[in-house]
Number of protein chains: 2
Amino acid sequence: MFEFKLLARQGKARAGVFKTPHGDFQTPVFAPVGTQATVKTLTPEHLKELGASLLLSNTYHLYLRPGDELIAELGGLHKFMQWPNPMLTDSGGYQVFSLSDTRKIDDDGVTFKSHVDGSTHRFTPERSIQIQNNLGADIIMAFDECSDPNDRNYSAIAMERTHRWAERSFEAHKRPDQALFGIIQGGVDPDLRVKSAEFISSLAFPGIAIGGLSVGETKADMHSTLDLVTTLLPENKPRYLMGVGTPEDLINGIARGIDIFDCVLPTRLARHNAAFSSEGRLNLMNAVYARDPRPIDETCDCYTCRTFTRAYIRHLILAKETLAGTLLSIHNLHTMINLVKNIMASILDGSFESRVSGWLKQWHGNAERENFTVSTRYKK
Amino acid sequence: MFEFKLLARQGKARAGVFKTPHGDFQTPVFAPVGTQATVKTLTPEHLKELGASLLLSNTYHLYLRPGDELIAELGGLHKFMQWPNPMLTDSGGYQVFSLSDTRKIDDDGVTFKSHVDGSTHRFTPERSIQIQNNLGADIIMAFDECSDPNDRNYSAIAMERTHRWAERSFEAHKRPDQALFGIIQGGVDPDLRVKSAEFISSLAFPGIAIGGLSVGETKADMHSTLDLVTTLLPENKPRYLMGVGTPEDLINGIARGIDIFDCVLPTRLARHNAAFSSEGRLNLMNAVYARDPRPIDETCDCYTCRTFTRAYIRHLILAKETLAGTLLSIHNLHTMINLVKNIMASILDGSFESRVSGWLKQWHGNAERENFTVSTRYKK
């Protein structure tokens with residue numbers, strides 16, 4: 001029911017295809033995030049036009065509202081949100097740690113309060129898998145604990161717990177039409193990461209995720225961790241770098257052997273009036289665009305850039321019209337999906353290694369992580 | 001450049017076609033409102049899919065932000081908002097009277113404060129036309145004064161001023177590629193309405209609007225005013241009932257000889273989580289829809305009803321996702337556009353008079369004007 005096939009390699013970079021019950025998707029792939037069973041401000045038709053193939057949705061949010069049982073009763077997540085193509089849900093672990101004000105972790109699981117209404121809930125590996133079984137995404141994730149990468153002691157404890165929880169998640173998983181991926185933790189400590197990569201690879205997961213990155217470590221630490229971990233992973237399983245990132249992060253991740261990415265950044269930037277561009281990141285609210293008849297990015301062929309001027313988008317922003325967010329989300333997602341598509345083509349035709357430095361240079365100006373940290377609410 | 005052709009009549013109801021520099025539109029027509037150069041939550045592609053033919057935008061709002069000169073510099077309103085089909089702008093008069101907290105009317109014009117930043121501005125008939133010439137819509141409106149319909153003395157004064165301003169608007173209008181319509185006022189007083197209808201009809205306007213209705217008068221008064229006025233209007237000019245209304249109002253207006261309608265109601269209701277339906281108006285936030293697998297309206301074939309459940313739309317509302325507004329706007333606008341399209345077909349095939357009472361009955365439950373008065377901020 002699931003099959004990962006490698007089509008080509010260039011250095012560590014890989015091009016492949018992953019078969020799921022809701023169709024195949026090619027890798028490398030960038031998955032837009034639909035936290036609450038919708039990619040903010042877009043219809044499923046917009047996402048199809050963008051060429052999105054894999055969507056991510058968040059277990060924590062859907063469990064709290066509208067509830068996984070309600071979604072199951074209505075035919076599952078694909079039907080509920082009318083996305084007929086591949087989907088992935090996370091385990092809820094990351095959100096429990098980052099969004100909940102009060103949470104208590106023990107070796108069995110986590111008790112936390114809802115950010116919606118303050119009510120108390122408990123997630124265990126078994127519960128997370130049960131909820132994800134109810135939601136019905138094609139790819140689901142083991143329940144894990146994401147540590148502060150700069151705290152070695154805590155990272156060691158969280159990693160050990162993540163390993164026990166990986167085994168329990170594997171045991172609890174019931175649906176053969178869903179592929180359960182394991183998650184590697186270990187912060188930025190090489191010994192921990194080696195241990196975690198080896199342990200998670202030893203289990204029979206059909207795919208392997210790298211968690212605990214892009215949560216406060218330096219870029220250099222992220223890259224050295226990826227360099228190390230990817231050498232230890234089996235070649236025949238897809239590798240998923242969770243919650244990453246900017247266009248530059250994608251290029252760097254692919255060059256290090258990553259196949260799957262997801263990030264809220266394109267739609268979150270859109271809500272902050274910001275756009276990726278080959279000139280660097282633009283904030284369309286800037287007065288300099290008031291009479292600018294150009295598209296956001298003259299090299300872009302997305303619907304927004306084919307159709308609207310910077311001046312019009314700035315007007316929509318100032319007038320507080322939600323269409324601004326829609327148009328910027330379309331552009332930012334197109335940028336990511338199109339970049340990954342071009343990179344895949346270059347891996348297939350053997351030009352990736354000669355083009356990678358050019359891409360990194362082109363997209364460097366969009367990687368201002370200090371302004372828009374992906375995970376600003378991380379709490380130990 | 002402009003031509004109105006009547007195709008068929010059934011009683012007082014008319015079917016026709018109006019030719020403009022941006023294409024023809026059939027009448028009766030319902031024009032969605034894009035107050036700030038965008039129909040809230042929708043892209044121009046959505047509007048094309050809905051079969052919208054004529055869009056309205058608001059001179060008052062666009063003058064204040066982003067400014068009519070900026071729009072002219074960027075090629076005019078059609079190009080600015082990327083609506084290639086017919087457009088109409090109002091004169092700004094109604095908004096000056098209803099939105100501005102401080103305004104002073106004299107026979108020459110109106111001085112008012114911006115609802116955006118409190119700055120002081122002045123509209124005269126000449127200034128309104130100059131702004132509308134800058135915006136460049138196909139149909140533009142004479143500057144008028146809308147009175148409290150229940151205040152006869154004020155209605156008489158406002159009507160006389162409207163007549164002088166109609167003459168001045170006509171004189172000031174410079175662009176032959178824009179059709180300037182005159183506006184009839186006179187509250188709900190039959191003598192005033194007769195006088196105004198005769199005066200406005202005596203000028204060489206290519207179309208005639210009826211203003212000052214749906215602003216606080218009873219339904220009975222609206223209907224008797226329409227009955228009276230439409231008998232006095234030339235047959236060969238299109239008739240535009242401004243700012244009206246509900247599905248029921250449209251049916252009643254068409255039966256009385258109206259050709260053109262506009263109203264914010266479909267998109268405003270959408271922002272209040274409400275939907276037109278053949279069962280009567282629904283509020284999708286209602287808990288009764290939490291697990292409802294049906295579309296909003298089982299008899300509707302819009303994108304929203306073909307695709308999504310009530311349960312999903314309710315989830316989006318509770319999760320504060322803007323997609324809820326998009327999906328409800330699509331449904332509500334489709335309802336209006338489709339109703340008018342069906343009515344036009346019935347006028348053409350001669351079945352209107354036998355079907356009108358059925359339509360009125362079907363849509364009656366959507367006409368709760370007491371809950372959603374179109375113009376709640378009317379001030380004398």
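Heavy atoms only: backbone and side chains are in, while hydrogens, waters and symmetry mates are out. Since we're looking at a predicted model, the values are computed, not measured. Protein chains get the first letters and strands the later ones, always in sequence-line order, with residue 1 at the start of each.
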Taking side chain as everything from C-beta outward and backbone as N, CA, C, O, which of these in [X] sits under 4.5 Å from a heavy atom of chain A? Side chain, backbone, both or neither.
X	value
B/Ile71	neither
B/Leu74	side chain
B/Ala37	both

For [X] against [Y], the heavy-atom pair lying closest together:
X	Y	answer
A/Gly325	A/Ala270	O-CB, 3.8 Å
B/Val39	B/Pro32	CG2-CB, 4.3 Å
A/Cys263	A/Gly243	SG-O, 3.7 Å
A/Leu333	A/Pro266	CD2-CB, 3.6 Å
A/Phe123	A/Gly92	CE2-CA, 4.1 Å
A/Pro86	A/Gly23	CG-O, 3.4 Å

For chain B and chain A, what donor-acceptor pairs lie under 3.5 Å, backbone included?
residue: B/Gln36; atom: O; partner: A/His315; partner atom: NE2; Å: 2.8
residue: B/Gln36; atom: NE2; partner: A/Ala319; partner atom: O; Å: 3.2
residue: B/Gln36; atom: NE2; partner: A/Glu321; partner atom: OE2; Å: 2.9
residue: B/Ala37; atom: O; partner: A/Tyr312; partner atom: OH; Å: 2.6
residue: B/Lys40; atom: NZ; partner: A/Glu321; partner atom: OE2; Å: 2.6
residue: B/Glu45; atom: OE2; partner: A/Tyr303; partner atom: OH; Å: 3.1
residue: B/Arg65; atom: NH1; partner: A/Leu318; partner atom: O; Å: 3.4
residue: B/Glu73; atom: OE1; partner: A/Arg291; partner atom: NH1; Å: 2.4
residue: B/Arg291; atom: NH1; partner: A/Glu73; partner atom: OE1; Å: 2.4
residue: B/Tyr303; atom: OH; partner: A/Glu45; partner atom: OE2; Å: 3.1
residue: B/Tyr312; atom: OH; partner: A/Ala37; partner atom: O; Å: 2.6
residue: B/His315; atom: NE2; partner: A/Gln36; partner atom: O; Å: 2.8
residue: B/Leu318; atom: O; partner: A/Arg65; partner atom: NH1; Å: 3.3
residue: B/Ala319; atom: O; partner: A/Gln36; partner atom: NE2; Å: 3.2
residue: B/Glu321; atom: OE2; partner: A/Gln36; partner atom: NE2; Å: 2.9
residue: B/Glu321; atom: OE2; partner: A/Lys40; partner atom: NZ; Å: 2.6

Does the side chain of B/Phe308 come within less than 4.5 Å of B/Ile296's, by heavy atoms?
no
